[in-house]
Student: 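For reference, the structure I am asking about is given below.
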Amino acid sequence: MNGFLPRRQVLRTVAAVTVAGALGLGAAACGGGSAGETSNELVYWSMWKAGEPQAKVLESAIASFTKETGVKVKVEWKGRDVSKQLAPTLNTRNVPADLVDSADRFVKSTFVATGQGLDLSPVYDMEIPGETGKKVGDVIDPKYREYATSEGKAWLVPYEVLAEQIWYDGNALKDVAAAPPKTWDDFVSLLDRRKSARGDGPLALDADIADYSAFWTYHAILRDLGPGAFGAAATDATGAKFDDPAFVTAVQKIEQLVKGGYFVKGYDGSKFPAVQQKWAGGGADFLLLGTFAPSETKPSAKEGFAYRSFPFPEGAKGEQTQEISLIGFAIPAKARNAEAAKRFVAYFMNKERLSKIASETDNITPRADIEVPAVLADVKKTLDTARTHPALDGVKMDHTDWYTKVFQPVNTELITGKVSAADFVAKLKSTSVDFWKLNG
Amino acid sequence: MTATAVRETEPAQRQPAAPAAQSSPLARGRKRLFWPFIAPALVLYVVFYILPTLATAWISLNKWAGAGPMEFAGLDNYRRLLLDPVFQGSFANTLTILFAVGGATFALSFLLTMILRDMAGRKAVRAIIFFPNIISGIVLSILWGFLFQAEGVVNQALRAFGMDDPPNWLGTENLFSVIMIGLVWVQTGFFTTILMAAVDRIPKDLYEVCDLEGANAWQRFRHVTLPLMWDVVGVCAVLWSISAIKIFEFIYAFAGAAGQLPPTKVWNTALYAYAEAFASGVPKYGSAAATGMVMLALVGVLVVLLRRLFRRDTVQF
C-alpha cells in the first residue's frame, strides 16, 4: 500500500484534472477565428437530407464551386431541424456552420429575433459569378428581397419560393381548367356540383396537420379583410379586432364548408398523408396546399393526373392576393468563414445553377428569368400578377406561440365542426386576450 | 418465513464498529483508495448530471432564446407556467397518463402474470407481449396511427362486423384516449415480464398449500403472490413514474405529422417543454427549463411518496 498517493495529493490531482477539463472545454468553446477573413473553406449546414433532389442540385453546385474557386465546402445534410441544431451554438464563439439554408420562419426566429444573423445586404450587391455585370439583387425579384428584410437588414437570400393554391386534376376537371372559380360564390357552386357528382365532399384536407386546417381559415379572412388583417387581429391585446363583423362573416365561409359536408369523409380522423394521397388517387377534387403538392403526391397520383391549380377565391375585398414563403440561405453573425459563405451564395444564384431548382426539384425560384416547371405554371401566373404576402399572414413566423397555443386549438374545433363561426370568434378573442395578458 | 427489517437494523450494527475500524490498517488503506475510485465516476456525474441540472435551474430563472443575451426573470417563467392554460392541460395529461395509464398497465400486468403463471408456452407468450418494448416507439406510434385512422384496419374490421358508423378514433375528442390505450399496450409487456420474474421466485409449495387450504385465485394473489413480490412492485412503480413523466415520442409521433406538433389538447409536460424550446418561434429556453424543473420536482415527490408507500419489511423466503 506504500504506492498509494497521500490523500491530499489525490484530492489535488482530482481538482487539477477537473479544472483542466473545464478549461479545456472552455478553450475549445472560445477557439476559432474571427468573421470577415477570407478563407479557403466553409462549413455548410443544410435543411435537406442527402439524396433529396435539392441536396443533389446543391451538391453539384458545391463541386463546381470548389473546382472553380478552390474553396472547400464541408456540407452536412442536417434535415429540417437544422435551425434547432444550430441555435444553441450561436451564443458561443465557436459557431460550427458558416452557411445554413432553411425555411424563412426558422431563419427569422433563430437569427433575426436573437440578433445572431449576418446582414446579407452585401450579398445582394455581389456580382454573380458567370453573369458579368449582374448582381444578386438585380436578379432576385424585389418583392422577395423586401419579404426577407427586417429593419433594413436582409436576413435571407432565397433560392426557392413556395406558394399555396388549390390543386386539382386538370384532366379530370376540364371545365375547371378552362374557367377556374374566381369568387367565393363561384367556388361554392363548383363544390356543389362536384359534391352531387361524387356523393362525397370534394375538398381534401389532412386535418391532423394543424397548418393545413389553418390554411382554409386564414385565407378566408384575408380575402375578406385584406392581407395583414389576420396578423393584426392576432397581436391585438384587447381582442377588439375580432369584433369586426367582417371577421365572423369570413369565418362563416369555413363553417359553411364544414356544415355543408364539402370536406371528404374521414378528413377529421385520418393520419397524414392519407387524405392527400386519396385526392391524388381521385378520391377528392381539390386540395389547398403549397407548391410542394405535386412532388409530394406524385407517387400516389392516378394515371394521367394533370397538376393544375388556382388561387384561393376572391372575397369581399375583391382583390386577388397570393401567399408565399421562402427557403434560402442565411449566415450566422459569428461565422468564421462568412466571406466564403457569401461567395457561395452569389455563385449559386447564377441562372444556370439556380435553374436546376426548377428543372430538377419542381420548384419556383426567386429569379423571374428562370422558367417554372410545367406543374407550377398556374402558380407562376398568379405570382406575376397578384400582390404577395407571407403565408399564414406572417403569424406563424412572427407569433408562433400565439398561433400554436391560441389559434390552432380553436381552429381545429372549427374545421372539425365542433364550434360555430360565432363561437370560434368569441373563443379566439377571449383566449387571445388571456394570452397577451400573460405574454404581452 | 421470517421477516427482517434490514434497512433499520443495518446502520445500528455498523455504528459501534466504526471507531475500531478506523484504527485498522485495512480500513486506512480502504480510506486512501476511496477517492481514487470514486473520483472518475464523481467527475463524470458532476459534469454530465449535476452541472446540467444546475444550469437548467439557472436557465429557468432567465428569459433566453438560446442565443443572444440572457435576461434574468426571477420566477416569472414559473408564474407564466402556472397561469398558462396549455401548461395546465399538459400537466393534467401528465397526471392522467401517470395514474390512469399506470393503473391500467399494472392491473393488466398482474392479470397476465396470474394467467401466465400456470400456462403452457408461457415463455413464448411472454416474448410476444414484450415485443412492443423492443420495437422503436416511433415505429409503433406511426403504425398505431394508421391502424386507427378513418379508413384504417380497425374501422374496416368494425364495418365488417356490421358497425356502420365506427368511432372517429383520431378525432380530437378521442385522440388522447387512443394515445393512452397505445401507451398501455406498449408498457404492459415490460412490467409483466418484470413481475413474472418476481413471481417465478416464489416457491411452488406455497401455492400447493393454498390449494390444500381451498384458497381461490384472488386469495392466492392477495396473500401469497402480492406480499412476496411487493418489493419488485415498488421498484416497478418508481420505474413507471419516472418514465411516465418523460413520455414523449409516442405522443409526438402518433399525433403529430409532417414535422408539426400534435394538438395542444394531447400535450403532456414533456411535449410542452419541447414546444417551448423548439416550436414557439423564438425559442423560450427559460420556460422549457422551468417545465423541466417542474417535471423533476414531480418525479422527486412521487419517488419519495412511492418509497414511503412501499416501505415494508422485506419478506424473506
Side-chain angles (χ1 to χ4, degrees), chain A residues 1 4-7 10-11 13-14 17-18 21-22 80-81 84 86-91 105 108-111 113-116 206 208-212 265-275 278 396-401 403-405 408-409 412-413 416 418 431 434-435 437-439, chain B residues 25 28-29 31-36 38-40 42-43 46-47 64-70 79-80 83-86 142 145-146 148-152 155 167-175 254-265 275-285:
Chain A
M1 290 206 199
F4 293 133
L5 296 167
R7 189 167 167 237
V10 170
L11 282 175
T13 313
V14 170
V17 167
T18 313
R80 305 298 185 270
D81 285 345
K84 288 179 200 166
L86 190 64
T89 70
L90 293 174
N91 230 15
R105 64 176 191 275
K108 206 170 182 193
S109 59
T110 311
F111 286 161
T114 59
Q116 296 291 333
D206 280 294
D208 58 328
I209 306 292
D211 275 4
Y212 297 177
K265 273 195 194 95
Y267 77 99
D268 58 344
S270 292
K271 186 89 181 142
F272 169 84
V275 182
K278 185 177 176 174
K396 187 171 182 181
M397 186 155 58
D398 297 329
H399 309 287
T400 319
D401 217 17
Y403 175 76
T404 310
K405 289 180 179 172
Q408 278 185 353
T412 302
E413 289 184 355
T416 55
K418 307 279 188 305
T431 48
D434 289 346
F435 176 86
K437 227 181 265 170
L438 195 60
N439 298 284
Chain B
R28 280 202 302 275
K31 210 167 181 197
R32 268 194 224 124
L33 267 177
F34 181 77
W35 280 109
I38 291 292
L42 188 68
V43 168
V46 168
V47 171
W64 189 40
M70 225 186 224
R79 184 189 67 87
R80 284 197 310 104
L83 297 173
D84 184 353
V86 178
I142 292 169
F146 282 107
F148 280 95
Q149 66 175 336
E151 290 177 16
N155 279 2
N168 184 12
W169 301 106
L170 303 188
T172 44
E173 66 278 20
N174 296 323
L175 193 57
F254 174 69
Q260 298 207 9
L261 286 176
T264 50
K265 259 189 174 175
E276 290 292 281
F278 298 120
S280 57
V282 180
K284 293 199 281 190
Y285 280 84

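Per chain, numbering begins at 1; letters A, B, ... match sequence-line order. For clarity, every value in this text was computed on a predicted model and none was experimentally measured.
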Student: If we define contacts as heavy-atom pairs under 4.5 Å, which of A/G266, A/P409, A/P273, A/S270 has the most with chain B?
Tutor: A/S270
Student: For A/D401, what residues pass the salt bridge (Lys or Arg N to Asp or Glu O under 4.0 Å) criterion, not counting sequence neighbours?
Tutor: A/K405, B/K284
Student: Nearest 0.5 angstrom please: A/T412 OG1 to B/K265 NZ, how far?
Tutor: 9.0 Å
Student: Using heavy-atom distances under 4.5 Å, tell me whether A/K437 contacts chain B through its side chain, its backbone, both, or neither.
Tutor: neither
Student: Please name the residue in the list A/D211, A/D208, A/T404 that meets the side chain to side chain contact (heavy atoms under 4.5 Å, CB included) test with B/Q260.
Tutor: A/D211
Student: Tell me every residue that passes ring pair (Phe, Tyr, Trp, His ring centres under 6.0 Å) with A/F111, counting only those two or more places apart in sequence or in another chain.
Tutor: none
Student: Measure A/K278 against the heavy atoms of chain B and call it side chain, backbone, both or neither at under 4.5 Å.
Tutor: side chain
Student: Side chain, backbone, both or neither: which part of B/V282 has a non-hydrogen atom closer than 4.5 Å to chain A?
Tutor: both
Student: Give, for atom OG1 of A/T400 and atom CZ of B/F278, the distance between the pair rounded to the nearest 0.5 Å.
Tutor: 14.5 Å
Student: Tell me whether B/Q149 contacts the main-chain N or O of A/K271 through its side chain, where contact means a donor paired with an acceptor under 3.5 Å.
Tutor: yes
Student: Is any side-chain heavy atom of A/Q408 closer than 4.5 Å to a side-chain heavy atom of B/T264?
Tutor: no
Student: Given heavy-atom pairs under 4.5 angstrom as the criterion, report whether the side chain, backbone, both or neither of B/N155 touches chain A.
Tutor: neither
Student: Minimum heavy-atom separation for A/F272 and B/F146, please, with both atom names.
Tutor: O-CZ, 4.1 Å
Student: Verify salt bridge (Lys or Arg N to Asp or Glu O under 4.0 Å) between B/E151 and A/K265, making sure each step is shown before the conclusion.
Tutor: CA-CA 9 Å; B/E151 290 177 16; A/K265 273 195 194 95; over 6 Å; no
Student: Report the C-alpha separation of A/E413 and B/T172 in whole Å, then their side-chain angles, then the decisive distance to 0.1 Å, and conclude whether the side-chain contact (heavy atoms from CB on, under 4.5 Å) test is met.
Tutor: CA-CA 8 Å; A/E413 289 184 355; B/T172 44; 5.7 Å; no
Student: In terms of heavy-atom pairs under 4.5 Å with chain A, which of B/P85, B/G145, B/A275, B/P283 leads?
Tutor: B/G145
Student: What part of B/F254 lies closer than 4.5 angstrom to a heavy atom of chain A: side chain, backbone, both or neither?
Tutor: backbone
Student: Nearest 0.5 angstrom please: B/L83 CG to A/D434 CG, how far?
Tutor: 10.0 Å
Student: Quick one: what part of B/A277 sits under 4.5 Å from any heavy atom of chain A, side chain, backbone, both or neither?
Tutor: neither
Student: May I ask you to name which of A/A210, A/G269, A/A113 has the most heavy-atom pairs under 4.5 Å with chain B?
Tutor: A/G269
